[in-house]
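Counting starts at 1 for both ligands and their atoms, following the listed order. Keep in mind that the numbers below use all heavy atoms, side chains included, and drop hydrogens, waters and symmetry copies. Remember, it's a predicted structure, so these values are computed and weren't measured experimentally.
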Amino acid sequence: MNVPLLDLNAQNFPLEAELTAAFTRVLHSGIFIMGPEVTALENEIAAMVGVPHAIGVSSGTDALLLALMALGIGPGDEVLVPTFTFFATAGCVSRTGATPVFVDACPVCFNIDTTDAARKVTARTRAIVPVHLFGQSADMDAVMALAAAHGLRVVEDAAQSIGARYKDRASGTIGDFGSYSFFPSKNLGGFGDGGLLVTRDDALADRARLLRTHGSRPKYFHSLIGGNFRLDPLQAALLRVKLPHYATYTRARQANAAAYTAALSALPGVVAADPAHCKCLAAHDRATAGASMILPVAYPHNEHIWNQYTVRLPRPGARDALQAHLKKEGIGCEIYYPRTMDRQVCFADTPESSRRGCEVAHRLAEESLSLPIYPELPAAHRDRVVEAIASFAF
Ligand SMILES: *Cc1c(COP(=O)(O)O)cnc(C)c1O
């Protein structure tokens with residue numbers, strides 16, 4: 001029995017009739033740039049996450065870039081980013097001309113270590129970009145406190161966490177901006193590239209909307225240098241078919257995570273991370289000493305939406321061995337992420353001071369492995385994954 005990491009068809013095919021109808025609606029409308037489908041998706045997501053402004057854009061990457069541009073981040077500025085993340089978080093900072101400053105990770109939730117972030121603030125620091133990795137919010141109280149203390153702007157990279165909650169607030173709605181991605185493997189997966197930017201601030205929303213279309217208002221009169229960051233109405237129409245099902249998808253991911261945790265924690269040498277050890281490497285290491293596998297955990301104050309179920313194998317070489325074992329067994333799995341940003345070739349010329357002290361993140365890059373968790377994952381496939389892990393000689 002082969003178990004793929006992801007099966008998009010299992011989610012899309014049951015919606016085929018509705019998706020086809022949405023396509024036909026757009027075809028017949030003759031409107032292929034912006035228009036009512038984009039506005040409707042923006043309004044529906046704004047209502048879902050509880051913000052006044054949602055701005056549909058061309059990708060999650062462009063959402064981040066647009067947010068940084070709207071905040072006026074540029075050359076001479078430093079921006080704090082987690083080093084354990086997808087490239088776009090840091091890449092967008094560099095594309096504005098600013099310098100990304102790489103921050104270590106929390107060993108429990110993999111998110112930005114705000115204690116390390118505080119150590120890396122300088123007179124040039126202008127913003128911080130927390131990422132809510134794998135579907136769980138970063139410590140936003142600590143992020144907002146740090147931002148308030150140093151006058152920093154906050155852009156939440158919520159590409160993996162649309163619909164997640166932090167202390168009853170939607171992920172992406174706490175900072176100045178929040179960015180979402182509709183990349184097909186994200187929790188609200190589209191049919192190509194797409195993204196969305198949200199904010200509570202009227203002036204920032206206006207600026208982002210202006211920059212989304214070449215900074216022009218009216219057409220051909222440019223007050224700012226923007227770009228083409230628009231979301232296609234076809235993409236919006238198709239996403240609107242999925243949106244009413246989104247809560248169901250999330251519950252299925254949560255059920256899969258709970259089932260994995262119950263089954264895997266019964267195996268010898270497997271322990272779950274302890275939320276009490278957030279950002280405390282020494283306590284985390286003491287509690288997991290000798291463990292062969294560490295399971296992911298949701299903080300009680302978070303609603304985790306499980307974009308990934310990511311286990312850690314702390315023994316040297318064990319992660320790569322398990323990956324090879326699962327591949328041999330026909331089970332899809334993936335390393336998110338094998339190389340931290342501070343060690344990427346493209347960032348080699350950022351100052352050494354922006355790359356120091358990322359010890360936890362370096363370990364995560366060596367030890368992490370993500371298992372199949374998509375909503376439609378059949379229970380028999382999930383059991384097969386557990387069985388294959390049980391048969392692995394740690
Ligand atoms: C996917 C992702 C992005 C980029 O989104 P795209 O829609 O692929 O451009 C940015 N940040 C994180 C953390 C992501 O996972």
Side-chain angles (χ1 to χ4, degrees), residues 5-6 8 41 45 54-69 79-96 100 102-103 105-106 109-112 127-138 140 143 154-164 166 171-172 175 177-198 208 212 227-232 235-236 238-239 242 253 296 304-310 334-342 344 346-347 361 364-365 368 370 373-374:
L5 182 66
L6 190 62
L8 298 175
L41 180 75
I45 293 184
I55 301 156
V57 295
S58 30
S59 69
T61 303
D62 284 345
L64 281 172
L65 182 60
L66 189 55
L68 294 168
M69 287 170 72
V79 178
L80 299 162
V81 297
T83 194
F84 189 67
T85 182
F86 177 64
F87 170 76
T89 318
C92 290
V93 171
S94 292
R95 287 172 66 193
T96 67
F102 303 107
V103 180
C106 163
C109 62
F110 314 95
N111 281 321
I112 192 164
I128 180 167
V129 187
V131 179
H132 309 306
L133 207 63
F134 304 147
Q136 163 150 256
S137 285
M140 286 306 292
V143 167
V154 178
V155 178
E156 297 180 66
D157 182 345
Q160 302 181 6
S161 68
I162 184 170
Y166 172 83
S171 182
F177 278 113
S179 63
Y180 303 126
S181 165
F182 306 128
F183 188 82
S185 68
K186 302 296 162 76
N187 285 32
L188 184 58
F191 301 81
D193 283 308
L196 193 105
L197 195 58
V198 293
R212 171 172 63 175
N228 174 358
F229 296 115
R230 292 181 295 250
L231 178 70
D232 292 339
Q235 194 59 249
L238 297 172
L239 283 163
K242 283 198 168 182
R253 285 178 181 272
H304 195 324
I305 62 161
W306 299 99
N307 178 245
Q308 300 298 337
Y309 188 91
T310 304
E334 184 72 46
I335 297 172
Y336 301 113
Y337 296 92
R339 180 162 295 182
T340 56
M341 293 306 117
D342 62 292
Q344 296 290 346
C346 66
F347 295 128
L364 294 176
S368 300
S370 297
I373 186 147
Y374 65 93

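Here the heavy atom of the protein found nearest to atom 4 (C) of ligand 1 is Thr61 OG1, 3.4 Å. Looking at atom 14 (C) of ligand 1, its nearest protein heavy atom turns out to be Lys186 NZ, 3.2 Å. The protein heavy-atom contact nearest to atom 15 (O) of ligand 1 is Gln160 NE2, 2.7 Å. Taking atom 8 (O) of ligand 1 as the reference point, the nearest protein heavy-atom neighbour is Phe183 CD1, 3.7 Å.
For the pair Ser181 and ligand 1, the shortest N or O to N or O distance falls below 3.5 Å. The shortest N or O to N or O distance between Val131 and ligand 1 is not below 3.5 Å. The shortest N or O to N or O distance between Asp62 and ligand 1 is not below 3.5 Å.
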Under the side chain to side chain donor-acceptor pair (under 3.5 Å) criterion, do Gln160 and His132 qualify, and how do the steps go?
CA-CA 7 Å; Gln160 302 181 6; His132 309 306; over 6 Å; no
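Checked against ring pair (Phe, Tyr, Trp, His ring centres under 6.0 Å), Phe183 has no partners two or more places apart in sequence or in another chain. Partners of His304 according to the ring pair (Phe, Tyr, Trp, His ring centres under 6.0 Å) rule, which considers only residues two or more places apart in sequence or in another chain, are Trp306.
In plain terms, the two heavy atoms of Val154 and Pro130 that are nearest each other are CG1-CD, 4.0 Å. Contact record, Asn307 with Ser185: ND2-O, 3.4 Å, taken as the closest heavy-atom pair. Closest non-hydrogen pair, Met341 versus Thr85, comes out as CE-O, 3.2 Å.
Selection from Asp157, Val129, Leu196, Leu133 by nearest heavy atom to atom 12 (C) of ligand 1 gives Asp157.
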